[in-house]
Amino acid sequence: KDVLNRLINHETISAAEAKQILINISKGDYNKVKFGISDYFHDAIAKAILSQNPKAAKSAMHAHIESSLKRFAPAAAARN
């Protein structure tokens with residue numbers, strides 16, 4: 001949750017943190033609904049990690065974050 005909040009706040013995370021998150025996502029360690037990952041993004045991230053394709057994993061994770069920001073931006077703006 002801490003890392004997700006940092007990403008939402010446009011903070012950076014280390015490569016090691018990002019790698020561990022992606023590995024945990026691919027293993028199914030996170031509840032997809034709670035983490036906000038659609039099956040499409042979850043499958044894309046998992047496939048990229050399992051094929052050891054960091055560029056594809058980064059791209060899929062970035063797409064997921066962009067999608068989340070678009071979904072949550074109105075609610076965040078309303079709270080401020």
Ser51: which residues meet the side-chain contact (heavy atoms from CB on, under 4.5 Å) condition with it, sequence neighbours left out?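 Here the qualifying residues are Asn53.
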
Report the residues that fulfil side-chain contact (heavy atoms from CB on, under 4.5 Å) with Ser67, sequence neighbours left out, ordered by chain and then residue number.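 side-chain contact (heavy atoms from CB on, under 4.5 Å) check on Ser67 returns Phe41, Arg71.
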
Please enumerate all residues that pass side chain to side chain donor-acceptor pair (under 3.5 Å) together with Thr12, with sequence neighbours excluded.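 If we apply the side chain to side chain donor-acceptor pair (under 3.5 Å) test to Thr12, skipping adjacent residues, there are no hits.
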
Glu66 CD: over 12 foreign heavy atoms closer than 6.0 Å: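 Yes.
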
